[in-house]
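What follows is a single structure, written as structure tokens, with notes after it.
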Amino acid sequence: MRPILPLALAIAAALSLGACSRQDQAETRSDLQAAADKTAQAAKDVASSPEVQEVKGDVKDAARDAGAAARDVATDTKDALRDAGADLKSGAAEAKADLDKHTAPKD
């Protein structure tokens, strides 16, 4: 819904300009330009505010920490899978030896 609002305002402004005198149109155009300039300046002020910069730093730190945690989990998972594979291989070898011992032909 938000993307429609600026478009609707622009259309309303354009339609209202068509019903106004040239002086009214110029004043409206000037007022719209001033409002756009104030909005742009306010956006720049917000973006460069210390609070926003602090939040930006906090988000970067959190992302860095999350990446490190993900790498740790991946390493732990890889190690656990490697250990599980070795245990499985060892267990299979023991089972085979036990089976061979009990099923070997008796002389």
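- Taking 4.0 Å as the cut-off between side-chain N and carboxylate O, D61 and R64 count as a salt-bridged pair.
- In this structure, the separation between CG on L88 and CG on L81 is 11.5 Å, given to the nearest 0.5 Å.
- For S30 (side chain) and A26 (main-chain N/O), no donor-acceptor pair under 3.5 Å exists by modelled atom type.
- A distance of 5.0 Å separates CD of E27 from CD of Q23, quoted to the nearest 0.5 Å.
- More than 12 non-hydrogen atoms from other residues, nucleotides or ligands lie less than 6.0 angstrom from CD of Q41.
- The backbone N or O of K89 lies less than 3.5 Å from no partner atom in the side chain of E94, so there is not a single donor-acceptor pair.
- Summarising the geometry of V52 relative to V46, their closest heavy-atom pair is CG2-O, 3.1 Å, with the distance given to 0.1 Å.
- Between K96 and the options D100, D98, L99, a side chain to side chain contact (heavy atoms under 4.5 Å, CB included) holds for only D100.
- Side-chain contacts under 4.5 Å among hydrophobic residues (ILVMFWY), followed directly or transitively, place V55 together with V59.
- With hydrogens and angles ignored, the 3.5 Å screen pairs no side-chain donor or acceptor of S90 with any backbone N or O of D87.
- Other members of the cluster containing V73 do not exist, because no ILVMFWY side chain is joined to it at under 4.5 Å.
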